[in-house]
Amino acid sequence: MSGSVLEPHIDKLSRDSNDSYAAHSLESQLAANIYIATPDVGGEVEIWLKEPEIEVYEKELEKTQSYHVNRDILGQPDAVISPKVGDLLIFNSRCFHAVRESSGGIRSSIAAFVGYRGINHSLSLWS
């Protein structure tokens, strides 16, 4: 059994919610994943410490006609993490990230986003 691959992409709420003041007021956005099942092989999370300019990212997406960019333009990831059941992984979702192919079981997580608007504001949580 082979798991699906999640190619390199970013998650940025303002990109998905053009008309939302709440989305555009975010200073930063984190992904928070709790792993409830992990495969025997693969499923590692790859993270590149590159936060693209949104205009450049959008142009790249127009070329690929998809939600992800070609990993060849990113080079090797800066971090490769092998989550285990019960792990909480928090990372900057505005940086490129991906999930490697997996086999031998399922990969399942509870995922959410945490938004930061500044020191005088509460954190936001959504999924």
Side-chain angles (χ1 to χ4, degrees):
M1 176 173 138
S2 183
S4 63
V5 176
L6 188 59
E7 295 294 340
H9 67 284
I10 64 168
D11 295 301
K12 186 172 183 178
L13 185 60
S14 60
R15 187 176 160 270
D16 298 324
S17 302
N18 288 333
D19 298 334
S20 169
Y21 170 77
H24 287 276
S25 67
L26 292 173
E27 289 184 24
S28 61
Q29 178 177 325
L30 302 173
N33 298 334
I34 300 172
Y35 292 85
I36 57 176
T38 56
D40 297 333
V41 177
E44 298 91 348
V45 178
E46 300 173 302
I47 300 174
W48 290 262
L49 299 177
K50 299 174 183 175
E51 188 173 330
E53 293 182 32
I54 199 64
E55 296 81 15
V56 174
Y57 181 68
E58 293 290 341
K59 285 181 183 177
E60 185 63 27
L61 294 185
E62 287 177 16
K63 289 183 203 173
T64 62
Q65 295 292 307
S66 68
Y67 188 71
H68 67 275
V69 298
N70 186 326
R71 67 177 50 247
D72 294 337
I73 67 171
L74 297 176
Q76 293 297 313
D78 295 296
V80 178
I81 301 162
S82 299
K84 303 295 180 221
V85 172
D87 284 354
L88 168 63
L89 176 59
I90 299 174
F91 61 92
N92 180 351
S93 65
R94 291 180 177 181
C95 288
F96 287 107
H97 55 282
V99 177
R100 291 182 176 173
E101 185 175 8
S102 63
S103 64
I106 63 169
R107 178 188 177 278
S108 180
S109 65
I110 299 169
F113 293 102
V114 180
Y116 176 76
R117 289 188 173 78
I119 194 129
N120 295 319
H121 299 277
S122 298
L123 295 173
S124 299
L125 182 67
W126 71 96
S127 62

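The first residue in the sequence is number 1, and the count goes up from there.
Under a 3.5 Å cut-off, the side chain of Ser108 and the backbone N or O of Ala37 do not form any donor-acceptor pair. Within the 3.5 Å criterion, the main-chain N or O of His97 finds a donor-acceptor partner in the side chain of His9. Checked by atom type and distance alone, the side chain of Glu46 never pairs as donor or acceptor with a backbone atom of Pro8 at under 3.5 Å. A distance-only check finds a donor-acceptor pair linking the side chain of Trp48 to the backbone of Gly75 [under 3.5 Å].
Interatomic distance, Leu30 CG to Leu89 CG, rounded to the nearest 0.5 Å: 10.5 Å. Note: Tyr35 OH to Leu88 CG = 9.0 Å, rounded to the nearest 0.5 Å. One distance of note links CG of Asp87 with CD1 of Ile36; it measures 13.0 Å at 0.5 Å rounding. Separation of atoms NZ (Lys12) and CG (Asn92) is listed at 10.0 Å; rounding is to 0.5 Å.
Annotation for Glu53: atom CD does not count as buried by contact number, only 12 or fewer foreign heavy atoms lying within 6.0 Å.
Between Arg94 and Glu27, the closest heavy-atom pair is NH1-O, 3.2 Å. Closest of all the heavy-atom pairs between Gly105 and Pro39 is O-CB, 4.1 Å. The minimum heavy-atom distance linking Gly43 with Arg107 is given by the pair O-NE, 3.5 Å.
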Enumerate, atom names and distances included, each donor-acceptor pair closer than 3.5 Å involving a side-chain atom of residues 76-85, sequence neighbours excluded.
unit_1 : atom_1 : unit_2 : atom_2 : d
Asp78  : OD2    : Leu49  : N      : 2.6

Enumerate, atom names and distances included, each donor-acceptor pair closer than 3.5 Å involving a side-chain atom of residues 116-127, sequence neighbours excluded.
unit_1 : atom_1 : unit_2 : atom_2 : d
Tyr116 : OH     : Ile119 : N      : 3.1
Arg117 : NE     : Ala22  : O      : 3.4
Arg117 : NE     : Ser25  : OG     : 2.6
Arg117 : NH1    : Ser124 : OG     : 2.4
Arg117 : NH2    : Ala22  : O      : 2.5

Practice problem: Walk me through it: do Leu26 and Phe113 pass the test side-chain contact (heavy atoms from CB on, under 4.5 Å)? | Solution: CA-CA 12 Å; Leu26 292 173; Phe113 293 102; over 6 Å; no
Practice problem: Could you check Glu51 against Cys95 for side-chain contact (heavy atoms from CB on, under 4.5 Å), going step by step and ending with a plain yes or no? | Solution: CA-CA 4 Å; Glu51 188 173 330; Cys95 288; 4.2 Å; yes
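Val114 and Ile34 fall within the same hydrophobic cluster, where Ile, Leu, Val, Met, Phe, Trp and Tyr residues are linked whenever their side-chain heavy atoms come under 4.5 Å apart, directly or through other members.
Annotation: side chain of Leu13 is not in contact with side chain of Ser20 (no heavy-atom distance under 4.5 Å).
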